[in-house]
Each structure stands twice: as structure tokens, then as C-alpha cells.
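In what follows, a single structure is set out as C-alpha cells and then discussed.
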Amino acid sequence: QVQLVESGGGLVQAGGSLRLSCAASGRSFSASKMGWFRQTPGKEREFVSAISWSGGSTYYASSVEGRFTISRDNAKNTVYLQMNSLEPEDTATYYCAAGGSFTRVVSTTQYAYWGQGTQVTVSS
């Protein structure tokens, strides 16, 4: 079992930055890939980024590549999402997810555990 708690969301102006954190508890954290997804009302949950258990492999949605950076600290059981050059289109609830090996990372079905989400609002 893995429990996930996101933090770091908030209101920021376009062009600004935020860093999301996801604190995990449970023995399986260091063995799991971690992902960030986002969702707006009425839309499906959208892949943002993923990182392998070692941190050696990362993957980004094209809409955020070059602006967002995912990282993890297994000693602290925490994964981060540094978000720079934020745009109003990045406004969403952001979810942390954990599960399995680093395959099909863009699919929500490949993650067994989910956090409750943190709201990010980018004003224009």
C-alpha cells in the first residue's frame, strides 16, 4: 500500500512558478514509478509527467516539456514537480500517482495509487 499527499498548489500569475510535492508513505514507494496528472472540470485526467523508481528515466507531455521538471527523493519518499513559465492553460487539479514499472506511463490504468489532488490556478 502507498498513501500519497500532494501539496504546493496555489494561485500564480502567468509566467510564474510553483513546485508541487507529493509525500508518500508505504514500503513500495521506492520501487514504483511516480506520475503527475492533471484534470479540469468536465475533462478526462491528463498525463503530465512520470519518473522511474531510480529517477533515471523521465517522460513529459509535449504541452509541458521544457517548462516542467519532475524529480524524486527516495530517502524522503517524495516526488516533486517544478513548474515554470506557467500558463493559464495549466490551471487544473494536479494529482500524484504511484505504481509499477516504467511502462505505459501516460495511462491512468498503470497507476495503482492516487493522491487527493492539489489545485493550481494560473491567472492571465
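Predicted model, so just to flag it, every value in this text is computed and none were measured. Residues take their numbers from the sequence shown, with the count starting at 1.
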> side chain to side chain donor-acceptor pair (under 3.5 Å) between Gln13 and Ser123: does it pass, once the steps are laid out?
Replying inline: CA-CA 5 Å; Gln13 289 188 330; Ser123 63; 5.0 Å; no

> Could you give the distance from CG (Asn84) to CZ (Arg19), rounded to the nearest 0.5 Å?
Replying inline: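 Output value for this atom pair is 11.5 Å.
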
> How long is the gap from OG on Ser21 to CG on Leu81, to the nearest 0.5 Å?
Replying inline: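 Going from OG on Ser21 over to CG on Leu81, the span is 9.5 Å.
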
According to a 4.5 Å side-chain heavy-atom criterion applied to Ile, Leu, Val, Met, Phe, Trp and Tyr, with indirect links allowed, do [X] and [Y] form part of one hydrophobic cluster?
| X | Y | value |
| --- | --- | --- |
| Tyr113 | Trp36 | yes |
| Val122 | Val64 | yes |
| Ile70 | Met83 | yes |

>> Could you work out, with ring pair (Phe, Tyr, Trp, His ring centres under 6.0 Å) as the rule, every residue matching Tyr94, not counting sequence neighbours?
In response: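 Tyr94: no ring pair (Phe, Tyr, Trp, His ring centres under 6.0 Å) contacts found.
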
> Looking at residues at least two apart in the chain, or sitting in another chain, which of them share a ring pair (Phe, Tyr, Trp, His ring centres under 6.0 Å) with Tyr59?
Replying inline: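 So Tyr59 forms a ring pair (Phe, Tyr, Trp, His ring centres under 6.0 Å) with Phe47.
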
> Are the aromatic rings of Trp114 and Phe37 close, with centres under 6.0 Å apart?
Replying inline: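 Ring centroids of Trp114 and Phe37 are less than 6.0 Å from each other.
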
Min side-chain heavy-atom separation [X]-[Y] under 4.5 Å:
| X | Y | result |
| --- | --- | --- |
| Leu4 | Met34 | yes |
| Tyr60 | Val48 | no |
| Ser7 | Thr118 | no |
| Gln82 | Ser17 | yes |
| Tyr95 | Glu6 | yes |

> Does the pair Ser85 and Arg67 meet the rule for a side-chain contact (heavy atoms from CB on, under 4.5 Å), with working shown?
Replying inline: CA-CA 6 Å; Ser85 302; Arg67 300 188 297 122; 4.0 Å; yes

> Which pairs with one or both residues in residues 87-124 pass disulfide bond (SG atoms under 2.5 Å apart), sequence neighbours excluded?
Replying inline: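 Output for this query lists Cys22-Cys96.
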
> salt bridge (Lys or Arg N to Asp or Glu O under 4.0 Å) with Glu46: which residues, sequence neighbours excluded?
Replying inline: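 Glu46: salt bridge (Lys or Arg N to Asp or Glu O under 4.0 Å) contacts with Arg38.
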
> Does Arg72 make a cation-pi contact with Tyr80 (under 6.0 Å, within 45 degrees of the axis)?
Replying inline: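 Cation-pi check for Arg72 and Tyr80: fails.
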
> If you look at every heavy atom in Ala23 and Thr78, which pair is closest and at what distance?
Replying inline: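 The pair with the smallest heavy-atom distance is CA-OG1, 4.2 Å.
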
> Which atom names give the shortest non-hydrogen contact between Ile51 and Phe102, and what distance separates them?
Replying inline: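 Scanning both residues completely, I find the closest heavy atoms to be C-CE1, 3.6 Å.
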
>> What verdict does the side-chain contact (heavy atoms from CB on, under 4.5 Å) test give for Val2 and Ser25, after you've listed the backbone C-alpha separation in whole Å, the side-chain angles of each residue and the deciding distance to 0.1 Å?
In response: CA-CA 6 Å; Val2 176; Ser25 61; over 6 Å; no

> Does the pair Gln119 and Thr93 meet the rule for a side chain to side chain donor-acceptor pair (under 3.5 Å), with working shown?
Replying inline: CA-CA 4 Å; Gln119 178 66 37; Thr93 301; 2.9 Å; yes

> Under the 3.5 angstrom rule, does the side chain of Lys33 hit a backbone N or O of Ser101 as a donor-acceptor pair?
Replying inline: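 Yes, Lys33 side chain to Ser101 backbone: donor-acceptor pair under 3.5 Å.
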
>> Can you list everything that forms a side-chain hydrogen bond (donor to acceptor under 3.5 Å, both in side chains) with Ser124? Sequence neighbours excluded, please.
In response: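 Ser124: no side-chain hydrogen bond (donor to acceptor under 3.5 Å, both in side chains) contacts found.
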
> Excluding sequence neighbours, so at least two apart, what forms side-chain hydrogen bond (donor to acceptor under 3.5 Å, both in side chains) with Arg104?
Replying inline: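 In terms of side-chain hydrogen bond (donor to acceptor under 3.5 Å, both in side chains), with neighbours along the sequence ignored, Arg104 is linked to no residue.
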
>> So, applying side chain to side chain contact (heavy atoms under 4.5 Å, CB included) with Val120, which one of Leu11, Thr91, Leu20 is it?
In response: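 The residue from Leu11, Thr91, Leu20 that satisfies side chain to side chain contact (heavy atoms under 4.5 Å, CB included) with Val120 turns out to be Leu20.
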
